[in-house]
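Data first, discussion second: the structure below is written as structure tokens.
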Amino acid sequence: MIDDRLPVDRHYNPLCSHTKSKTHFECWVPLIEKAYMKLMSGKNGYGFIGSNSGFDLFSLTGWLPERVFFSPTNNAKKIKDHETTSERVWERLQSSHKFGDSLMTAAVSDSISDEQADSVGLFTGHAYAILNIKQVSEPPRNKWLYANSIDVSEFAKKNIYQPVNALHTFFARAGSKSAFRANEESMGVQTLGWAVLVC
Amino acid sequence: MKNPWASKPWVGRYSSVDSSAWTSELQKEIGYDFKLAQKSDDGLFWICWEDFLKFFRCLHVNWCPSLFKYKFVTHACWPKSLGPVSDKFFVCDNPQYYLVMSEAALRKKSSVWILINRHSTENDLIGNKTEETSLTAHIHRLTKEEISSRIVYPNPTKIINGIYSNNPLVMIRYDVTAQDKHLAIILSQYKKFEDISYTISVYSTDPFTFKPAPSFLPNNFKLKGQFDPSNSGGAVGRSSSYFRNPQYKLEVKRDTKIEMLMKVGSSLSINISVSEAVGRVNDLSNEVFGSGSYRTAVGYCR
């Protein structure tokens, strides 16, 4: 049993889940959230034990929660027993998305500092929904990088916030189309794999 | 991805502020309008896989339950008073369930998903707990004979070791193999300190039966004894005074099933041996059955 009072800030903006529809306010959203918090958490607020997007979605929808732990590396020696390789996770994500009957969410890594997360617009301990997944072809400039055995991920690390610009600059400096062609001829067509975008 | 706050999106690579990433070809391929995205912040953004791996750690995928045609749900309670605080030595008091897979499931190597949802308690809500329940479930593989009785020993038949967690939800995914006709699910707590109640749900794409493991045989007799200097005879084969160990007489009137379980309150290694005899047993030439190897704190035979 809950009442219909909801928390707001001093400008009367709701401080709880709500819809932003301009045409009609769907009041069930904050009410369900309030009831769920009351049932699950009592005085503990949002930080109740076991709360994560998978569990909460299960509680609210009955959809079966699978938790996939993954390592940021594909280095077999560094992957722990309960972890899935990132390649396998990507395959699973794609097939789940294709299949359709699943809801995907992901939480920001807790090994990222608040400042680090903030600088890219993310929040630690916060869960995001994955709505769409696409695998796209990589522009030719990166094929060139691959053919020359430059580790793009290492390269990206050093330029983490502006890597695309950095790649442009690097390519402009390193050469021209002829460099790319030369490689294509000597090594055959190389693929970096793909630039993978997750929305 | 979407930030559920519907604002404050990612601003790294391939975000709505990374103009160099969004070539017109890419926008077309993805179906993304970069100019439009810049105008309003709805918390939606694209992120590339490498960055996802860098910044996100755990992925949750919730599956529509109707993907599984076969489902079984039951609810139960595990009182604090049932069994020892830790089940390190024996699991016969733990909740046990037997899962029998159909021939179709074995043939198709079906997936079985087992979900244990611990119900929240008053203590959870008050939020002043000093200890937390840490629950999991282990999977054992049994023979057809073994499913006529409970499992006593924690290890010999175990194939999957569950991970203890204070999460109210325990989820186990298992792909059955041809050897997995008879499986057991044994609930386990790291350190039992309160009554818990739970819902256990089993899902599979092919038929199965799921039921609580049988109890021990119904007519039982319990007695307490103790090892003292007069009757501590030592281990069989290693001590000449073995036959000084406590002996009990069991009179059997007709063919019957018998189970014997011995527990000691310390980490003593024990076993049980049953011999046909008149009076005290002085040699093992008429041994009928026994619990076999010495084990810490528990011995069981049938």
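Small disclaimer: the values here were computed from a predicted structure and weren't measured.
In terms of heavy-atom pairs under 4.5 angstrom with chain B, the leader among V108(A), L103(A), I112(A) is L103(A).
Contact of the M171(B) side chain with the F58(A) side chain is not registered, since no non-hydrogen atoms from C-beta on lie closer than 4.5 Å.
Separation of the F56(B) and F70(A) ring centroids does not fall under the 6.0 Å cut-off. Less than 6.0 angstrom separates the ring centroid of F123(A) from the ring centroid of W5(B).
Interatomic distance, Y128(A) OH to W10(B) CH2, rounded to the nearest 0.5 Å: 10.0 Å.
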Could you go through M104(A) and M1(B), starting from their C-alpha distance and side-chain angles, then the distance that decides it, and tell me whether this counts as side-chain contact (heavy atoms from CB on, under 4.5 Å)? CA-CA 10 Å; M104(A) 286 176 277; M1(B) 300 189 79; over 6 Å; no
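Contacts of H126(A) with chain B are made by side-chain atoms alone, with heavy-atom separations under 4.5 Å and no backbone atom involved. Heavy atoms of N117(B) lying under 4.5 Å from chain A belong exclusively to its side chain. For S111(A), the part lying near chain B is the side chain, with the backbone staying farther off; criterion is any non-hydrogen pair under 4.5 Å. The part of L122(A) that comes within reach of chain B is its side chain, from C-beta onward, which places non-hydrogen atoms under 4.5 angstrom from that chain.
Residues of residues 107-115 of chain B having a heavy atom under 4.5 Å from any heavy atom of chain A, listed by number: W113(B), L115(B). Contact annotation for residues 59-76 of chain B against chain A (heavy-atom separation below 4.5 Å, listed by residue number): L59(B), H60(B), V61(B), N62(B), W63(B), C64(B), P65(B), L67(B), F68(B).
Using a 4.0 Å cut-off between charged side-chain N and carboxylate O, E66(A) and R173(B) make a salt bridge.
Minimum interatomic distance between V11(B) and G121(A) (heavy atoms only, all atoms of both residues): CG2-N, 3.7 Å. Of all heavy-atom pairs spanning R57(B) and S109(A), the tightest one is NH2-OG, 3.4 Å.
Between W90(A) and W49(B), the angle of the ring planes lies from 30° to 60°, which puts this pair in the tilted group.
In this structure, K2(B) contributes its side chain and A129(A) its backbone to no donor-acceptor pair below 3.5 Å.
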